[in-house]
Every structure is written in C-alpha cells, then in structure tokens.
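Below is one structure, written out as structure tokens; the observations come after it.
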Amino acid sequence: MDVFSCGCVLAELWTDGRAVFNLSELFAYRAGTLGLDGLLDNIDDPHVKASLDSSNYRPRLIGTGHD
C-alpha cells in the first residue's frame with residue numbers, strides 16, 4: 001500500500017466510513033482542481049488532520065524509465 005492509499009483508508013476510518021473520493025473526484029484531485037478541505041473539516045483531532053493532510057499528496061504517474 002502506498003502513502004496516498006493509506007491516507008485514504010485512514011480518512012475513511014476517521015469519517016465513519018465516508019469514501020474519500022468517487023472516481024470523478026479522484027481524477028479532479030489528481031488534476032489539482034479538488035482539495036481535501038471539506039473532508040478534513042469533519043475531523044476534530046488536529047493530529048489526525050495533519051497526518052491526513054501530509055499523506056494525501058497528489059499522486060503522479062510513475063515513469064517506466066523508457067520515457
């Protein structure tokens with residue numbers, strides 16, 4: 001599991017099972033047009049909020065080395 005996926009799982013646990021993203025939101029987040037502000041506002045613990053904010057960096061495509 002990568003850090004982004006781990007952050008998504010932890011966010012879902014701390015928001016009582018609310019999925020972090022649907023597919024279109026995931027693409028928007030990856031493109032940089034959607035943030036985590038609304039989701040993180042529902043988490044009261046500042047340490048959990050900071051951990052999720054730092055772990056949910058924007059995923060990038062990883063090159064194959066043949067680029």
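As the structure is a prediction and not an experimental result, all values here were calculated from the model.
- Residue Asp16 qualifies as open at atom CG: its count of foreign heavy atoms under 6.0 Å is 12 or below.
- For the atom pair Phe4 CZ and Leu26 CG, the distance stands at 5.5 Å (nearest 0.5 Å).
- Counting all heavy atoms, side chain and backbone alike, Glu12 lies closest to Val20 at N-CG2, 4.1 Å.
- Within the 4.5 Å cutoff, the side chain of Leu10 has no heavy atoms near those of the Val48 side chain.
- Using cut-offs of 30° and 60° for the angle between ring planes, the Tyr29 and Phe21 rings count as tilted.
- Taking every heavy atom of both residues into account, Lys49 and Ile43 meet most closely at CE-O, 3.1 Å.
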